[in-house]
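Below, all heavy atoms of this structure are taken into account, side chains as well, without hydrogens, waters or symmetry copies.
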Amino acid sequence: MDGRIAIIGSGPAALATAWRLIARGVRPLVLDVGDKLPSDIAAQVAELRNTHGYWRQSVVDALTYNPTPKGQALPKKLVFGSDFFHGKARVHSPLLNDSFIDPTFAFGGYTVAWGGAMLPLRQADMADWPIAEQDLADGFAQVLGRMAFSGQDGDALAGVFPLYGAQPQALKLSAQARAVLARLQRMDGAAMVGGQSRLAVKAAECRYCGMCLTGCPFGVIQTFDQLFAALIRQDLIDYIPSVVVTRVVDTQGGVTVHAVDARGQPLAPLPMSKVFMAAGAIGSTRIALESMALHGLEVTMLDSQKFAVPLLVPEAETAALDELNTLPALFADMQLRSAGGHWAHLQISSFSSYALDAMKQKLRLGPLRLDPLAAPLTRRMMVGWGGLHSDQSDRFGLTLLRAHSHGRPVLKIQAQPTRETRSRTRRAMHEMARRLLGSRMAMLTPAAVIGPPGAGFHFGGSLPMRATPHSPLHTDTQGRMALSRHVHVVDSAVFPSIPATTMVLSVMANAWRIAGEAAL
């Protein structure tokens, strides 16, 4: 394997890097932990997928069960009732974690659990970046051209957030969503735009079964385990699972990759000519800290603050959830004064049982059954899932400790919430509420739930790109640290700031750019 080019991970940055290297005539070696959905749950999913007609309710209940709303502000995302993709403390990667976020070791990264939201970065959110929006344009176009993509060309959203030549297929909208969309489209002003949601979804294959938030049995949401599996079937990459990369060590003309297996046992070192680190922001930061033996140093991780808020739409009723695609139907994006001119992002969905549970907890109604009592109201409601730029958001501290477990150092993840962030979030919600009144939607801010740090899993910035790096943990515009000129970090760890307007598309566009510029 001497002289090979390696990619660490199988999430968004890894996929874009693999695509770009393949286009350059390279057959990359992908090193990944590769956790997958437990086989018993996968069998139940296959039963739903292969059953034409009535689904066994016991199977549906098992696959949609999520106990996490109890006792906390927001539910933690599960896939078919499983948390397999949450990378909790493992023998190979011990953690001390008091936060909402986890690393992930899943095949496909966190996309196995995502809702597919994809918007490009705009220059207003890149003031502190050493590259410009135009540097990502080719990456946006190339990524969108290789994926299933749902949206609407020609709407107001497309006038501000370009489609880069993509030709999306539109999902069917409910009558309620169509009514709101029509009003959003009539609102004038470049500082607020609305349109049909942009999602990595195979729109033509959607069955509108209402299970989107717990996992699609039909694979309609474009998860990256599907896309990596295709590269393996096409014999375009070499893929090795159960590999946990721990350190990368510079050598003359290359780099040596050190790793352990799933039991924490050392594997034979792998000499490489080049390594692209795409292990996710937490994973790549951990590898960097261990490679440089930076124990006890707290590294700052940035976040995009999230909140959930009910929206009252008086004249329009929703359909039954089992007749809908329950992913966000609409996007509304606004440049807010309270957010320093950055774009704030609102994803608007049908009202769901998750939203009702969250509202009951927020209003301290305990076990009171609101479902039948609230039906006339909830049929006229939608849910907004909002996000703010990292300049208005909380942060995390990542520290690699000298304490060892099974011979491995422990990574400490510490959330750093502040009252100031909650105040900023409330101000942003009130400004958004005033803007939305023009579309005859009332944002019920007293019932809003402000998420804990990391609630949307949109974080990064721990190894930020700088025009002139002046710290061992800074990277240049190709994601390289002082650690090695042969190692390129390509995931969100290198983002100097975190946008509110989704993450995956921008992560992939930047990875495409770096993998194209890197000397091979």
Side-chain angles (χ1 to χ4, degrees), residues 7-9 11-17 20-21 119-140 142-143 248 250 255 274-289 291-292 294 297-304 340 342-343 389-391 393 395-398 458-520:
I7 300 171
I8 301 171
L15 179 64
T17 301
R20 189 67 183 98
L21 293 177
L119 273 182
L121 262 170
R122 294 309 318 267
Q123 191 61 47
D125 292 329
M126 299 177 67
D128 53 350
W129 289 51
I131 62 171
E133 180 183 349
Q134 64 188 25
D135 297 314
L136 300 176
D138 182 56
F140 289 138
Q142 295 290 342
V143 169
V248 288
D250 214 16
V255 61
K274 180 112 15 209
V275 169
F276 292 88
M277 286 213 302
I282 297 174
S284 291
T285 304
R286 180 175 197 145
I287 295 169
L289 290 172
S291 298
M292 293 185 280
L294 294 176
L297 174 69
E298 185 177 78
V299 180
T300 297
M301 179 83 78
L302 306 178
D303 183 38
S304 168
H342 291 299
W343 285 98
H389 188 273
S390 56
D391 284 358
S393 304
R395 301 184 174 195
F396 299 89
L398 302 185
H458 290 178
F459 51 82
S462 45
L463 308 172
M465 291 185 292
R466 299 286 187 242
T468 306
H470 57 269
S471 160
L473 291 173
H474 287 172
T475 53
D476 66 10
T477 58
Q478 291 188 15
R480 295 174 299 189
M481 293 179 291
L483 157 67
S484 173
R485 307 304 290 173
H486 307 293
V487 175
H488 300 258
V489 184
V490 292
D491 52 40
S492 66
V494 301
F495 278 22
S497 56
I498 306 300
T501 49
T502 82
M503 284 281 284
V504 168
L505 180 57
S506 297
V507 167
M508 296 182 77
N510 191 53
W512 176 276
R513 178 189 65 81
I514 292 174
E517 293 177 359
L520 303 182

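Side-chain contact check for Thr477 versus Asp135: every heavy-atom pair is 4.5 Å or farther apart. Leu21 is listed as a side-chain neighbour of Leu520, based on a closest heavy-atom distance under 4.5 Å. Counting only heavy atoms from C-beta outward, the side chains of Arg122 and Thr501 never approach each other to under 4.5 Å. Taking the side chain as every heavy atom from C-beta outward, Val299 and Leu294 never approach each other to under 4.5 Å. For the pair Asp250 and Val487, the minimum side-chain heavy-atom distance is 4.5 Å or more.
With hydrogens and angles ignored, the 3.5 Å screen pairs no side-chain donor or acceptor of Ser304 with any backbone N or O of Ile498. Not one N or O on the side chain of Ser506 forms a donor-acceptor pair closer than 3.5 Å with the backbone of Pro120. Checked by atom type and distance alone, the side chain of His458 never pairs as donor or acceptor with a backbone atom of Thr502 at under 3.5 Å. At distances below 3.5 Å, not a single donor-acceptor pair connects side-chain atoms of Asp303 with backbone N or O atoms of Phe396. Under the 3.5 Å distance criterion, the side-chain polar atoms of Ser492 are matched with a main-chain donor or acceptor of Phe459.
Distance check, rounded to the nearest 0.5 Å: CZ of Arg395 to OG of Ser393 gives 9.0 Å. Remark: Ser291 OG to Met277 CE distance equals 6.5 Å, nearest 0.5 Å. From Asp125, atom CG reaches atom NE2 of His389 across 4.5 Å, with rounding to the nearest 0.5 Å. Taking NZ of Lys274 as the start and OG of Ser484 as the end, the distance is 8.0 Å to the nearest 0.5 Å. How far CG of Leu398 is from CZ of Arg286: 10.0 Å, rounded to the nearest 0.5 Å. To the nearest 0.5 Å, atoms CG (Leu15) and CZ (Arg20) are separated by 14.0 Å.
Considering all non-hydrogen atoms of both residues, Gly280 and Asp491 come closest at N-OD2, 3.0 Å. Here the closest non-hydrogen pair linking Gln478 and Ile514 is O-CG2, 3.3 Å. Across Ala14 and Gly9, no two heavy atoms sit closer than the pair CB-O, 3.2 Å. Nearest heavy atom pair, residue Leu136 against residue Asn510, reads CD2-CA, 3.6 Å. Pairing each heavy atom of Ala281 with each of Gly460, the nearest pair is CB-CA, 3.8 Å. Minimum heavy-atom separation, Val507 to Ala13: CG1-CB, 3.8 Å.
In this structure, Phe276 and His488 have parallel ring planes: the angle between them is below the 30° cut-off, well short of the 60° mark.
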Yes or no on side-chain contact (heavy atoms from CB on, under 4.5 Å) for Met292 and Leu473, after CA distance, side-chain angles and deciding distance?
CA-CA 9 Å; Met292 293 185 280; Leu473 291 173; 3.4 Å; yes

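A search for salt bridge (Lys or Arg N to Asp or Glu O under 4.0 Å) contacts involving Glu298 returns nothing, not counting sequence neighbours.
For CZ of Arg480, the number of neighbouring non-hydrogen atoms (other residues, nucleotides, ligands) closer than 6.0 Å is greater than 12.
For the pair Asp476 and Arg485, the salt-bridge criterion is met [side-chain N within less than 4.0 Å of a carboxylate O].
Judged as a side chain to side chain donor-acceptor pair (under 3.5 Å), the pairs with a partner in residues 460-474 (not counting sequence neighbours) are, in order, Thr285-Ser462.
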